[in-house]
Amino acid sequence: MNQIIGYIVMGVGVAFLFLGALGVFRFPDVYNRLQAGTKCTTLGAFLSIIGAGIVEPTWFLKCLIIAVFILFTNPISAHALARASYKSGVKLWDKSVVDKCKDFEECAKAQEDDK
Amino acid sequence: MSGIYNWMYYIASGGLILIGLYIVLVKTNLIKIVIGLNFIDTGINILLICIGYVRGRTAPIFSRPGISPANVVDPVPQALVLTAIVIGVAVLALALSIVIKVYQHNKTLNVTKIKGLKW
Amino acid sequence: MVNPSLLIAVPLAFAFSIPLFGLVSKKIGKYIPVVALLINVGISFILIPQILKKPAVVSIGGWSPPFCINLVVGPLGVFLVTLISSIGLLVAIYAISYIKEEPTEKYHMLFLLLITGATGIVLTGDIFNLFVFFEILCISSYALVAYNKDKEGTEAAMKYLIQGSVGSSFVLIGIALLYGMFGTLNMADIASRVTSADPTFLFISLAFLITGFGIEAAVFPLNAWLPDAHSSAPSSISAILSGIAIKTGVYGVARMIYTIFNADGILTFIAFLGLLTLLIGEMSAFRQNDIKRLLAYSSIGQIGLIVFALGIATSLGVFAGLFQIVSHALAKALLFLAAGYMIYRVGSKSIDSLSGLGRKMPLTSFAFTIGSFSLIGLPPFAGFISKFSIVYAAIQVKKPIFLVFVVIALIATVIEAGYFFKVVQNLYFKEGKNVDNVTETSGYIIVPMIILVISIIVIGIHPQFITGLLKGAAGELLGRTGYIGWVLGGS
Amino acid sequence: MRRIVSIIILIIIAVGFIFAFSKIPFGKDKINVANYYIKKGIKQTGAVNIVTSVVLNYRGFDTLGEVTVLFIAAVGLGAVLFVERKIQKNMDDKEDKTKRASLILRTGSRLLFPLILLFGAYIFVHGHLTPGGGFQGGAIIASGFLLMYLAFPKQRINKKTSGLAESLSGLIFVGIGLLGLVFSGYFLTNFLPKGIPNTLFSAGIIPIIYIAIGFKVGFELTGIIDDLLERSR
Amino acid sequence: MQLITILIVAFLGAGIVYLIGKISGKARDILAVLASLIVVILVSLAYNQKIYTSFYPLPFLNLSLTLRIDPLSWFFAIAVAGIGFLSILFSLEYMKHYQKLDFYYSMMLFVNAGMLGVVLSADFLSLYIFWEIMSWSTYLLISYKGGKAVGAGLKYIVMSTVGSIAMLFAIVSLYTSYGTLEFSSLASLLQTASSGYILFLLIMFIIGFGIKNAIWPLHTWLPDAHAEAVSPFSAVLSGILVRIGIYGFVLVMYSIVGLNLLHKLGYGLLNFNYILCWIGAISIIIGTFIALLQDDDKRLLAWHAIGQGGYMILGISFGTTLGIAGGIFHTLNHCIYIALLFLVTGAVEYRTGGVRDLNQLGGLIKKMPVTFIGGLIGISGLIGIPLTNGFVSKWLIYKTLIMEKHPFLAFVALIGTWGTILSVYKFLHNIFLGQLPEKYKDVKEVPWAMRLPMIILTSVIILFGILPGIPLNVISGIERSFGIKPLSTIIFGMPREIGELNIINILAAIVVAGVFIYLIFSLSTRSRRVNQYDNYAAGSFIPKDKYQYSVRFYDPVYRIIGPYLRDVVDDFYYWLVEKSKSFFQGVRQIYTGNVNTYALYILLFLAFLIITKIGWGLW
Amino acid sequence: MTLMIFFGVIIIAVILALIRAVKGPTAPDRVVGVDIMVTITVALMVLLGIFFKRRIYLDVSLIYAVLSFVGVIAVARYLDKGL
Amino acid sequence: MRKCQKNSNKMGRYTLTLISLFILWILLTSTLAWEELITGLVFSALIALFGYSYFTEKGFSGITLKKIAYFLLYIPVFFWEMVKANFDVAYRVVHPKMPIRPGIVQIKTNLKSDVAKLILGNSITLTPGTLTIEIVKDNLLIHWINVKSEDVKKATEIIGARFEKYLRVIFK
Ligand code: NA
Ligand code: NA
């Protein structure tokens, strides 16, 4: 029983992994790619690892740790990459509608007095 | 097909080594040369793993009962690779530190311009 | 019987413990290498008579040889270890007051580890372990060459590192191939199996190995790192590099050719390579005005002579080569130490600026003179015996090609004589310009130089002190079945 | 010209490779000496991970050397990049405050740091049971410190303490080797009881050495990272 | 034991003198004289003994170092010791104003010790060892004065090294062929050797010994070295050190190879002896005529040393009783008079503040009479004027040439003598005769410590000139030891049956001739006494550089022979050195400084190994 | 069988990410590609563990996750000039 | 490394860290064998010594049942949002025309704690079409794949509010 559930969960995860990769492949600029990459691959990895934990119940706890680790770290790295892209001057897609960060030029300066 | 499968890993390792050597021979940027050296290291590590690999066998860790001694790959190259990797890291770190110093002194990373010592 | 593992364990432990001693007092650090190497010298001297009676094969970890890393302490090993620890000890004493550039604690650690690496290379019976110790030696040399952190030192270290890394990679490729073929890493075990393998395969492995070790051995055309590194390193390190480090490269090449592969066919080529190295080294040295670079090129020449002698491959030839290793190690260490302190006092590396130091630094100049004379091969110094033996060995093989070789080699020594005599004259017979305030050194600097001078003269006058050991060592290199027997005999 | 010559040379070497590799076919059983390890490893060393028993027991000397190599790199790097105290202060003053990491990274790193260290410890403690080991664990510990550097670039580890820890752990390795010499007459002998395979307290000296290596490697890599980050500016 | 004692005294003396010198200069001087004197005494005591000792085993080479004394070695040993003693005696005053005297004395003794070692060695290894010790200590002494001496020293040692390796090559080849290096064993073993091998040996040894003996074309180091060394050492250098080469020739040719084999070497005119004697002849011509061109007194003597060396070669190359005796005796004689002459130049330098330029000296005859006498007798010996020792030996050599039917060589030797006369007259005249320059008004005779050696040497010249039987007796002993028919001697010369020479007759002839010449000169109206300070000649003011009428004494001669007498060999060597230098410069360009290139070298090497194996199947 | 399909899909995903990493066009784009690849690989390793029935793959996967996270952060910090 | 500013209750912070680490260890080893527990305790204690000053600033103080309850409630809320987000992205990825309207908007937050801001930022990153680019004081700059409103207040309402109400309680 748990085998079937496990493989289903795993399958959903793999599908999301694939979608994430596809998004990274298709989307027009780095920020949009990150959007796709972060969300889909995080969930995808999470689900497939949990799925594996369900398939092999004795592994579950360890799988959980890996999955949670990914869940916690992936947004951080996505954020760091987005910020780095922005700071290193990667332009938004030219069809982007708004860039508050541009108005928010104190981004950098404000950081100084930020604790 | 199986021929290519047999040779693939050797081609990868030999190729990495040769690419690394090519970089060392031709590239003038110090950082690139250091990266070239790393290519060579990596190629050798793959070579070692290739040598230790036996088709259809598993890692030599008897962590559960079902694994028979006749069914594991050679543990020695893995141990060697572990050592080789650490040594590679050590050399890489030292190389970078020296490159930093060289850059501070010469204000360039181009080896054709760093020729204070010759003849 | 003292366990030879201590020869490696002791300096290693002392090197690791230098920061701990640093807690007690900042000043202790510089004495630690001296203590460690004193112990090593003691051990090796205790070992010599025992080993000459019966070579020792010491397992590390307690399993029997082919399944375990083991040390093979034969006459060759004990000879080289004695040389390494003795020269190391003297240089360590010298460094006590010579090394002033911070961080001295790290210098002494690296130095001791370099010596450990050299010791491991000559003792180990396992080819991959040889590689590991080789890397220990190389990496600590890279760091030490750059130790002064000046423009020259870092540039030299960088070039050395690039070439050395390529060399180590080749060694590792060779080892990988050998393991792939024989499934073992024990040198004796490999040696006992080589006949079963395809000769082309074997030669390709050998080619990688000797190219790799040849770089450290500074055989032409693999020696471009040497003049840079030797001339830019702190002089104590130049002494070690010239006196010890390149010898371990030669050891590596010799071990591969003689013991493992039994590659008789390549020996004449090796001798030719040695000759070429000799010629190029001496020619390049001739026009140098940088004293350390001159000494460095001279080291290339001398290593050429050593390799040439080893390529003769008779017991006398190998004996002569080993003798040359001793006499060159003593003389070149002495020269670098003496030159190092002169440079330190005068503040310039140019030979011209050393003019007139004979009066200002009589002992140092005297030491330098003795070193040069020995290198040129003048009696009654150690270099004479080795030069004589080399010529004797080359003529004794009665092959016309070697006659030609030895004539060329002798002509090269004329070039060598030319530039060394010039430097000596500079010291004594030329008016110095900026040497008025220069004074002779004392203490830790002068003691090792005096000891080296004495050993050069004593060995020159009474070579029998070491000939027995060297004969044994030559026998070990040429008698590979004996070597295999020591290691695998029991199993 | 140089390119052409290089390529010709590399082709020759490639031919050499082809000759050599063709004699050691991929995937075929070439195991010789290692059979001994595979068959007797667990019994002789108590470690179920044969790689580990090779790394720390049959070829423990290599590992000691390897640790030494890393130690040399750390020390050498420190020596090469050493800057006198006075100069260093000036450099610190010049540091740009806008280089701080974002709040998310800082906070995330603080939370992750101890967890990563524990991962590292887990990896090297279980070196004889899993593919992990001292080097891998040490690398993870160092990566934890690296994360902290990335989040808080201005902060430094206490070099003296870490140096002492390196030394001590190195000494422990050598010391255990020497104890083996004392107890069994061979350097680095596994003189402790081997325990029951597949439990944590087995394999004699192996876990102890791996713990020492873990600490040593962790501190060394951290020191290397520290030096590189600090001096490369 | 006795021989070992000699060497120990000699070497230890050198060492101790250096150490004592650090404490007291006086003690050092005394000790130096004492040490050299003891050596003289010890060597004298060994007269007519036959000793053979093995003093140091070298088991790893299956060899042991041995010493021996026989007539030949004693003959040279006593010469070495004697000249050594006298030159050290001379140094006491002469060297006072020099620095680094500890080094100087120690090295003087060291050189002597080295030479003693060479002549006392009974095997080639010992000979080579002492030879090398002698060479490098000589090099240090030549360079001692600094300045130009540095170049001279370097030239000497480099050429010397070339010689050494030739010798080393021959020695090692002997050892590999015969398993021994002892002279006595080799002498018998070589009798079965092929002529080709003997020729090879001889050529190697001739290069080795010939460079030391400065035979043409291996002579080019000598003029510089002699000129730039300090005078007492020039005396040693030219007097005996160079002649150790003759010792070597005699040893190898007659003591070891032997006449039988020598005569078999070569075909017709390409006979070994013949070629050798032509080398000697060329040396004579080149040496004496280039000497003519010299303005430097020591350089002039130096070139004569080359020329006189030619006479010795000429003498010994024939292997006849008379010839060998002539050659060896000439060696001794040359040693004495040339040492004397160098001491004379030293004395002149000492008083004139180091002036060696013949054009700036003059008129010292009254100021330095003893020195003048020394110079006069010295050049008489050099020319070979009867009643001086040089006459006897030259007479023997001429006689040999004539008896061996080589009139052309005899003619060459004669020309050499004419050249000698011309040049040494310039020497004597420009120093002692003619006008005394203003600046030398206060010059005095040299102190006694310097006079004494000159007086001794002068007396010996006369002694041997009048009583040549004393040394010839020893020389006939040497010949006996070679197994050659010995020269039979009487105290005044030798009896009729070999080649009559009786100094009494010659003395009588000379007295008659002398009286005759005196009469002619004193009665001649053309002769007038010119005041030594007379700066005017024929009433016109002479430019400063023509202060003396003898400035550029032989200008017309120069113009004729000068262009032909350039030392082309030296030019050739210089050309060779320059070419080598630029070649070396080219070689070291391979270290380009570009690390890519260095990596390329490495990979080239590897690729070479691989391609030779796979492609050509080598190894 | 199921797993084989999963592997196939994952390999395609990896290739897509790899193309992005190779194509760029900016440095952050490449890093994003690599980052996605890494995340996929972490999952892949766990699945391989299921496939080979060896728990040791979990450890590998965990180590890989940690190291790659720190690695990506390092590159990110390098890009925003925080290093 | 860094000495934390707040000097409150070191013991509590340490213990909290230790317990967290020990739990992690047990999860990692997935066993209750005594050797593992002892070893885990030792290493947790050791590492907590290094890391407690980073790990938590408050320790046990302020941990209440209510907060835990809210935290447990937060998890499904978050997961639901995440699943929605994924399907949203999936839709856009697969859609041949890629219906996107990206831009960077600004939102505000009232959260004070760093950890709270971190979780908010991460949650936003993982939920529909949004990606936290920067947090400056109480402003979050968000990359929005389909900008619905450029107004700060409105954007805050759409993007942040759904998490913030839980987080405000949890990190009071
Ligand atoms: Na990630
Ligand atoms: Na392991």
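The basis for the numbers below is simple: all heavy atoms, side chains too, and nothing from hydrogens, waters or symmetry mates. Because the structure is predicted, anything quoted here is derived from the model rather than measured.
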*Asks:* Side chains of Gln136(D) and Tyr210(D): any donor to acceptor distance under 3.5 Å?
*Replies:* no
*Asks:* With a 4.5 angstrom heavy-atom cut-off, which part of Leu147(D) approaches chain F: side chain, backbone, both or neither?
*Replies:* both
*Asks:* What residue among Leu62(F), Val66(F), Val70(F) forms side-chain contact (heavy atoms from CB on, under 4.5 Å) with Ile140(D)?
*Replies:* Val66(F)
*Asks:* Does the gap between the ring centers of Phe215(D) and Phe124(D) come in under 6.0 Å?
*Replies:* yes
*Asks:* Asp59(F) and Tyr122(D): side-chain donor and acceptor closer than 3.5 Å?
*Replies:* yes
*Asks:* Side chain, backbone, both or neither: which part of Ile73(F) has a heavy atom under 4.5 Å from chain D?
*Replies:* both
*Asks:* Which atoms of Leu115(D) come close to chain F, meaning under 4.5 Å heavy atom to heavy atom: side chain ones, backbone ones, both, or neither?
*Replies:* neither
